[in-house]
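All values below come from the heavy atoms of this structure, side chains included, with hydrogens, waters and symmetry mates left out. Residue numbering restarts at 1 for every chain, and letters A, B, ... go by the order of the sequence lines.
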There are 2 protein chains.
Amino acid sequence: MTDDTEPQPEGEPTSSLSRRGLLGLAGAGLATVGLGGLGGYAVAGGRAAGSASTAAPAGRTYAFTGAHQAGIVTPAQDRLHFAAFDVTTTSRTALETLLRRWTYAADRMVRGLPAGDLGPSSGPYDAPPDDTGEADGLPPSGLTITFGFGPSLFVDADGRDRFGLADRRPALLKDLPHFPGDTLDPARTGGDLCIQACADDPQVAVHAVRNLSRLAFGTAAIRWSQLGYGRTSSTSTAQTTPRNLFGFKDGTANIMAEDTAELDTHVWVSPDDDPAASWLAGGSYLVARRIRMTIETWDRAPLREQETLVGRTKGSGAPLSGGEEHTDPDFTMTGRGGAPLIDPASHVAMAHPRNNGGVRMLRRGYNYTDGSDGLGRLDAGLFFIAFVRDPATQYVPMQTAMARGDLLSEYLRHTGSGLFAVPPGVPDGARLSPTDGAFVGEQLFA
Amino acid sequence: MTDDTEPQPEGEPTSSLSRRGLLGLAGAGLATVGLGGLGGYAVAGGRAAGSASTAAPAGRTYAFTGAHQAGIVTPAQDRLHFAAFDVTTTSRTALETLLRRWTYAADRMVRGLPAGDLGPSSGPYDAPPDDTGEADGLPPSGLTITFGFGPSLFVDADGRDRFGLADRRPALLKDLPHFPGDTLDPARTGGDLCIQACADDPQVAVHAVRNLSRLAFGTAAIRWSQLGYGRTSSTSTAQTTPRNLFGFKDGTANIMAEDTAELDTHVWVSPDDDPAASWLAGGSYLVARRIRMTIETWDRAPLREQETLVGRTKGSGAPLSGGEEHTDPDFTMTGRGGAPLIDPASHVAMAHPRNNGGVRMLRRGYNYTDGSDGLGRLDAGLFFIAFVRDPATQYVPMQTAMARGDLLSEYLRHTGSGLFAVPPGVPDGARLSPTDGAFVGEQLFA
């Protein structure tokens with residue numbers, strides 16, 4: 001997006017420069033980050049910035065618009081607020097209006113602007129502010145907002161077409177099967193819509209979801225939400241591999257944003273994938289799994305057992321067949337007594353693409369800690385997020401096998417789940433407006 | 001603390017340099033921050049650092065030792081993990097051992113070292129690692145760990161002396177009274193011990209509590225825990241005032257770490273305060289309140305109502321009597337019709353020291369968001385923490401009045417509560433050892 005695409009809703013006073021705009025722009029040190037086809041853009045210029053200052057907000061910014069939605073190949077930010085919504089309206093027009101308002105607000109918030117044009121502390125005194133204010137003065141913090149559509153948006157539990165969209169439902173967009181050992185909480189599972197907000201500041205990510213929820217009042221309501229920290233995957237070769245709550249490096253074999261050929265093969269839906277769902281071309285599927293770890297039990301397991309179950313060393317993350325973190329595991333190498341150095345039922349063996357027909361996924365998960373469970377244990381684990389082109393071949397078979405055979409499963413409980421179709425991005429240069437602008441997923445409604 | 005106080009347990013191999021030590025020390029840019037009487041110290045030197053590198057870990061470090069515990073006047077870090085524990089042992093010796101092990105591990109972790117000497121990936125293969133590993137390679141991140149003792153540590157619900165400490169219980173250390181409107185969840189209330197871990201990285205704060213909980217296995221178990229983000233108070237004049245989830249600046253009138261006279265008057269317990277509890281001299285009382293905000297209702301309140309209830313403007317935080325954020329509110333100033341510009345029942349009026357007999361407190365709270373409540377609403381609000389010299393005069397009367405009269409109370413629900421006596425710090429230079437070293441609260445057991 002360039003300056004001339006800055007949204008300019010008709011009739012809006014150009015003097016309504018928000019306090020947050022002013023404050024934010026008084027900061028220093030903008031790092032605009034370009035990302036493959038997305039292309040970074042500078043906030044300087046445009047309405048909010050034009051009359052304020054020549055300086056630009058602190059912190060990274062990622063454009064909301066682009067061929068693909070941001071927040072997928074974007075280098076993983078440090079914090080997550082994920083929310084699933086139930087649509088409460090029966091009006092297709094109201095649903096479209098919601099997506100239009102969400103798009104407009106998301107495009108503003110990723111730039112560090114308030115959700116609405118007036119901001120948290122201006123506008124009519126007798127009306128609620130059009131932004132809730134807790135991010136006032138905070139930099140954009142690399143915020144990305146990614147929207148998805150769940151299976152239940154198309155067809156309800158009784159098979160009824162809710163919004164005249166049933167014949168455009170992608171064949172792959174259906175509830176994930178029950179996996180062995182699943183203990184899913186309905187209050188943490190499913191949803192008609194989802195929002196993944198990622199930022200380097202949790203207050204910015206929470207603010208984004210809260211303001212989108214506010215805009216949805218009367219149309220959609222939060223079904224469940226999840227905060228995450230300490231990302232468990234790198235999505236860029238420039239990021240180091242972080243550690244999960246087992247204390248091991250996680251996501252070493254992830255697809256990287258720089259692997260454009262791999263992204264086309266494994267992440268982005270192609271126009272030919274599903275003729276009925278051509279609207280999803282350039283999009284992806286988001287698999288969400290809330291995976292509680294029984295960390296107190298894990299912490300009493302010997303180091304040898306921990307490394308055997310994972311199949312890697314705890315320190316460097318090297319496979320037990322030798323080398324360093326990024327060395328390809330050798331599942332054929334044997335040690336004393338002829339036993340394989342990497343147990344075939346270890347996590348690294350069960351999850352490796354070579355043992356799963358070559359399938360790969362773009363992982364983008366976060367650690368979570370949600371207090372304790374009343375039994376002296378932390379409710380902590382991994383909020384797994386993966387983006388795939390085909391959940392039926394890239395996620396379901398692997399998870400079925402792992403739920404049955406992965407040695408780590410003893411320490412894992414899947415307590416929440418969701419599958420969402422993530423439409424492509426709103427094109428760069430599209431006109432955005434809360435009343436009649438372009439919006440995310442528009443192709444579905446065309 | 002200086003290098004020569006680096007703990008050196010007898011008989012420990014000096015070659016057991018942990019991976020985390022090595023990794024952490026390979027970073028760059030140590031900022032050692034001195035704090036009043038605490039005094040900063042450099043990690044360079046000492047066992048872990050000596051053979052590794054001349055560079056020092058990235059990130060702020062605060063000494064664990066000092067006249068007062070760290071984490072009270074320390075400039076508020078961005079993230080919190082607070083945990084309350086039930087002591088499960090009946091052995092006073094086991095309790096003392098726990099505190100000794102906690103002290104030793106805390107002193108290590110605030111320096112970015114593993115909780116134990118061997119670390120997450122070294123040591124005997126047939127034993128559990130003495131650190132869980134998820135902070136491996138992360139900088140100290142300004143971690144502070146602050147310990148407190150609840151009333152139930154001294155006397156149980158039936159009035160029995162649990163550990164021979166009953167006659168040393170401070171008279172002020174008793175359960176807070178039931179306040180009007182309280183809807184406390186027992187699963188979020190009370191506790192024999194508490195740990196406040198603050199850091200600029202949540203993974204570091206979570207790691208600290210988890211490893212202390214691991215050390216407590218068989219002796220104490222987590223009763224409840226709370227994550228927080230987006231601190232709601234500044235505790236240093238160098239910090240800007242952050243915003244709470246009402247979108248307003250919070251903690252403007254806080255006691256600052258630089259106000260040493262105010263700290264002596266309002267925060268630190270004096271040796272003469274309670275002859276039976278002289279062990280608490282140099283310590284303080286920690287009041288914790290989990291205050292849910294009904295943010296969805298708030299977000300539909302007009303800006304005028306929001307500002308009236310708070311008594312300040314939403315943008316700048318200036319009192320409604322005029323000026324800017326730090327202008328003293330004028331509760332006598334009237335506007336049209338002779339009505340006061342600041343409503344006497346507004347939050348700023350109800351909470352102001354002048355309207356509370358001059359009492360002040362050191363606030364150190366955090367915003368929280370714990371998912372949603374199943375009714376389409378976020379479970380979000382304020383985890384209020386305050387340090388006071390006397391909860392009976394500095395907290396109870398004010399909260400009683402505010403629960404009855406504060407206009408904001410309509411949007412608040414107190415869902416958790418705790419009061420803890422926070423002993424003074426372990427003196428600089430004390431010898432620390434998990435088996436026979438100095439420990440936090442030692443004066444209580446002397």
Response to the item:
Applying a strict 4.5 Å limit to non-hydrogen atoms, the region of B:R214 in contact with chain A is side chain
Worksheet, complete the sentence: When B:I295, B:I291, B:L309 are each screened for side-chain contact (heavy atoms from CB on, under 4.5 Å) with B:Y411, the one that passes is B:L309
Worksheet item: For the atom pair CD (B:Q306) and OG1 (B:T313), what is the distance rounded to the nearest 0.5 Å?
Response: 12.0 Å
Discussion item. I need the A:L227 CG to A:Y366 OH distance, nearest 0.5 Å.
Written reply: 11.5 Å
Worksheet item: Parallel, tilted or perpendicular for B:W298 and B:F246, by the 30°/60° rule?
Response: tilted
Fill in: Between B:Q203, B:E305, B:E296, the one whose heavy-atom pairs under 4.5 Å with chain A are most numerous
B:Q203
Worksheet entry | Among B:A221, B:A187, B:A301, B:A83, residue most engaged with chain A (heavy-atom pairs, under 4.5 Å) | B:A301
Fill in: Largest heavy-atom contact set with chain B, pairs under 4.5 Å, which of A:R300, A:Q226, A:H81
A:R300
Discussion item. For chain B, which candidate among A:S213, A:G376, A:A220 shows the most heavy-atom pairs at distances under 4.5 Å?
Written reply: A:G376
Discussion item. One thing to verify: whether B:R290 and B:D379 come together as a salt bridge, which I'm taking to mean a side-chain N less than 4.0 angstrom from a carboxylate O.
Written reply: yes
Worksheet item: Out of B:N211, B:D78, B:D126, B:T88, which one racks up the most heavy-atom pairs below 4.5 Å with chain A?
Response: B:D126
Practice prompt. Identify which part of B:L378 has an atom lying under 4.5 Å from any heavy atom of chain A, answering side chain, backbone, both or neither.
Written response: side chain
Worksheet item: Which residue out of B:G133, B:P128, B:G247 racks up the most heavy-atom pairs below 4.5 Å with chain A?
Response: B:P128
Worksheet item: Are A:D185 and A:R292 close enough for a salt bridge, meaning some N to O gap below 4.0 Å?
Response: no
Worksheet entry | Residues of residues 193-201 of chain B contacting chain A, heavy-atom criterion under 4.5 Å, by residue number | B:D200, B:D201
Item to complete: May I ask you to check whether A:N367 and B:E134 show a side-chain donor-acceptor distance below 3.5 Å?
Response: no
Worksheet item: By a 4.5 Å heavy-atom criterion (distance strictly below it), what part of B:R188 contacts chain A: side chain, backbone, both, or neither?
Response: neither
Practice prompt. Tell me, for B:F82 versus chain A, whether the close heavy atoms (under 4.5 Å) come from the side chain, the backbone, both or neither.
Written response: neither
Worksheet item: If you count heavy-atom pairs under 4.5 Å between each of B:D86, B:T132, B:N244 and chain A, which one has the most?
Response: B:T132
Worksheet item: Taking side chain as C-beta onward, heavy atoms only, is B:K314 less than 4.5 Å from B:L303?
Response: yes
Worksheet item: Can you say whether A:F217 sits under 4.5 Å from chain B via the side chain, the backbone, both, or neither, judging by heavy atoms?
Response: side chain
Worksheet entry | Distance in Å, B:T369 OG1 paired with A:R210 CZ, rounded so as to fall on 0.5 Å steps | 8.5 Å
